[in-house]
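All residue numbers in this chain count up from 1 along the given sequence. Order of listing sets the numbers, starting from 1, for every ligand and every atom in it.
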Amino acid sequence: MYPPSRKDFIALTLSDQHSRSYNNGKHRRQSCWRKWKQLSRLQRSLILFLLALLLICGLLFYPSFSEQWRVVSDRAVREDWDGDWERGLKPVPPGVNPVAGPAIGQAGGAAVGLAGVAVGPELGPAVGPGLIPEVIPKVPSLPKPLAKKRPFPNKRGPPSLQKEWNVSDSLVKPVEKAEEEEQGEKPLVSWRRAMIEADQATEPPPSAHEKDAAVPAVPVNPEDAAPLAPVSVKPVDRLETVREAFRHAWKGYKEFAWGHDELKPVSKSYGEWFGLGLTIIDALDTMWILGLKEEFEEARKWVETELSFSKNVDVNLFESTIRIVGGLLSTYHLTGDEMFLEKAKDIGLRLMPAFKTPSKIPFSDVNIGKHTAHPPRWTSDSTLAEVTSVQLEFRELSRLTQDPQYQEVVNEVMRLVHKLPGKHDGLVPMFINTNSGQFTHKGVFTLGARADSYYEYLLKQWIQGGKTEPDLLEDYLEAVEGVKKHLLRTTGPSRLTFVGELNHNRFNPKMDHLVCFLPGTLALGAHNGLPEDHMELALQLMETCHQMYVQMETGLSPEIAHFNLQPYEGRDIDVKPSDRHNLLRPETVESLFYLYRFTKETKYRDWGWDILESFNRYTRVPSGGYTSISNVRDPVNPGPRDKMESFFLGETLKYLYLLFSDDLELLSLDKYVFNTEAHPLPIWQSPPV
Ligand code: DMJ
């Protein structure tokens with residue numbers, strides 16, 4: 001053998017490598033094939049099946065993957081555009097003339113926007129001579145915060161398949177149609193999901209002035225915006241709008257919660273509290289007042305045939321008294337139908353065991369089936385507002401039945417509290433012990449939760465009884481002085497008057513929305529001859545409660561507001577994250593009703609109208625019902641809580657209706673006194689015995 005030359009060596013090496021790799025490949029292929037042949041027939045079929053499946057999936061999903069990529073790249077462009085929006089370069093939607101004024105969300109902004117809006121009786125804000133758009137149609141079911149972005153064409157279908165908009169569509173769009181469109185065009189998987197969709201391709205949020213001036217829905221296409229022909233528009237009928245809201249709420253309740261306590265409108269189900277059809281009973285007199293005969297009849301039938309109090313169930317004395325006893329008694333008065341009185345007697349009697357306590361201060365809970373009562377598991381205390389806010393109803397029950405036992409037990413509570421030490425210039429602590437009959441947790445004084453309706457019922461019992469019970473008046477007058485002395489302050493920036501809380505001599509500038517019953521109560525007192533400065537205070541507090549709505553981005557008040565006492569510019573109202581919810585509460589519209597009745601100032605109606613519009617905008621659920629929300633500061637996602645409290649129908653809508661009604665004799669405040677759940681009871685013609 002001769003040694004190979006360098007060239008030969010390279011050639012040999014290459015050929016060797018080649019043949020090795022070739023041989024290796026060949027070998028691999030052969031061994032793969034051998035392995036394949038070694039597999040059982042079943043294994044081979046399985047592998048072939050999986051491969052085929054993969055291929056099919058690939059073919060099926062390819063278009064949607066590519067669409068997603070396209071959306072992602074579109075969104076990048078949109079975010080740029082939205083960024084402009086948030087930075088203040090807000091695009092003006094076609095058809096809306098820009099109006100100078102502070103942006104909503106800035107302190108006082110929306111309030112300024114209200115100025116100059118002319119409103120006639122039962123008419124909405126005028127937007128131009130002879131052009132008052134119908135507002136019922138303008139009842140969006142969900143927030144539609146961002147603009148339908150024309151620069152980014154809708155890729156879901158060819159233009160010919162997209163909905164055509166025209167002027168008459170946008171100006172006079174019936175509610176049903178609006179709902180159909182919302183449901184039809186963007187199927188609702190859930191509310192939250194729907195809002196995500198609204199985010200991506202809907203209309204811009206209305207600015208303060210748009211909202212206030214009741215500007216009609218804006219056509220999305222600039223060409224459509226041109227007014228081609230005169231459009232016939234109907235005047236706003238505020239009363240009809242309230243009726244429509246009621247019907248919408250009732251629709252949801254009827255469909256998903258009939259016979260149960262509360263509607264859960266988003267999940268289309270119900271919540272049970274006492275299992276007594278609370279919403280039906282709470283809403284009875286509202287239906288009667290609103291003239292909703294059909295709805296009233298079906299509710300009446302349910303009460304007559306289905307409602308039974310013979311149930312082994314614990315109910316809260318206060319809640320069942322103000323909602324059930326109050327609701328049944330007021331409906332009896334309005335209709336003269338004895339069936340309601342019989343039912344009221346039945347539940348009234350079943351609640352009586354609550355008063356069998358060592359102190360005569362009632363327990364909070366009663367089992368209406370077993371005729372037993374007890375305090376909550378963790379304490380023998382009762383809430384002060386609860387034990388002192390069942391009096392109007394029990395007293396009326398005695399008058400109607402001529403059975404004194406009801407009024408005796410509640411009058412005894414008032415006598416005890418009247419002479420009880422521990423008040424602070426008429427202000428009461430929040431708890432009272434059912435054994436000792438003494439105040440507990442002394443040192444905290446509030447006009448909000450747990451104390452609120454104590455003050456309200458002092459005045460209202462005095463009025464109910466024909467102003468003949470001096471202790472009630474004395475306690476009320478002293479309490480108002482106590483409020484002025486200890487709880488009243490004004491904010492630094494805008495001098496808003498508010499009622500704070502006292503916590504062991506430390507002032508806390510915190511006010512519950514619940515306190516907004518106070519302007520109405522103070523005004524009612526002044527109307528009944530109490531000092532004129534009560535009325536002045538009522539007007540100031542009404543303004544503050546109004547600001548608690550208009551300074552929020554949704555136009556709805558938070559549950560609790562904190563006020564700024566610092567003497568410098570800034571926001572008057574701060575809301576802590578945990579206080580940002582709105583439960584569809586009535587107190588502000590309740591006070592607006594009283595103030596309108598006593599002053600006839602149309603601004604109170606306009607404020608109420610704005611609140612109704614905000615409820616429609618942010619709390620209305622398309623399939624029926626309204627929901628409490630978690631965040632009044634977030635119009636994009638107010639966070640539906642899936643609960644419609646019975647007081648929305650019992651109180652909120654009723655007070656709105658009465659606020660807009662020109663018939664001042666409809667439940668005249670000289671003839672009726674409203675219980676704390678808005679159920680009107682007659683003022684007695686003869687003094688109590
Ligand atoms: C209602 O049940 C009554 O108005 C009560 O006095 C307070 N809470 C709710 C409404 O907010």
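Residue Leu514 approaches ligand 1 through these ligand atoms, each under 4.0 Å from one of its heavy atoms: 7 (C), 8 (N), 11 (O). Close contacts between ligand 1 and Phe647 involve ligand atoms 1 (C), 2 (O), 9 (C), 10 (C) [criterion: under 4.0 Å to a heavy atom]. In summary, the atoms of ligand 1 found under 4.0 Å from a heavy atom of Arg323, numbered by their order in the structure, are 2 (O).
Of the N or O atoms in Glu456, none lie within a sub-3.5 Å distance of an N or O in ligand 1. At least one N or O atom of Glu587 sits closer than 3.5 Å to an N or O atom of ligand 1. At under 3.5 Å, a nitrogen or oxygen of Thr676, whether backbone or side chain, sits near a nitrogen or oxygen of ligand 1.
Judged purely by distance below 3.5 Å, without hydrogens or angles, the side chains of Glu396 and His333 pair a donor atom with an acceptor atom. Between the side chains of Thr676 and Glu456, at least one donor-acceptor pair of N or O atoms lies under 3.5 Å.
Residue-environment remark: NZ (Lys484) exceeds the threshold of 12 foreign heavy atoms within 6.0 Å.
Residue, atom and distance of the protein heavy atom nearest to atom 8 (N) of ligand 1 are Arg585 NH1, 3.5 Å. The nearest heavy-atom contact from the protein to atom 2 (O) of ligand 1 is Glu677 OE1, 2.6 Å.
Here Leu583 has no heavy atoms under 4.0 Å from ligand 1, in either its backbone or its side chain.
Between Phe498 and Phe563, the angle of the ring planes stays under 30°, which puts this pair in the parallel group of the 30/60° scheme. Ring planes of Tyr604 and Trp607: perpendicular class, angle over 60° (limits at 30 and 60°).
The shortest heavy-atom distance from Pro586 to ligand 1 is under 4.0 Å.
For the pair Phe431/Thr383, a side-chain contact is recorded, criterion being any heavy-atom separation below 4.5 Å from C-beta on. At a threshold of 4.5 Å between non-hydrogen side-chain atoms, the residues Gln547 and Asp572 do not count as touching.
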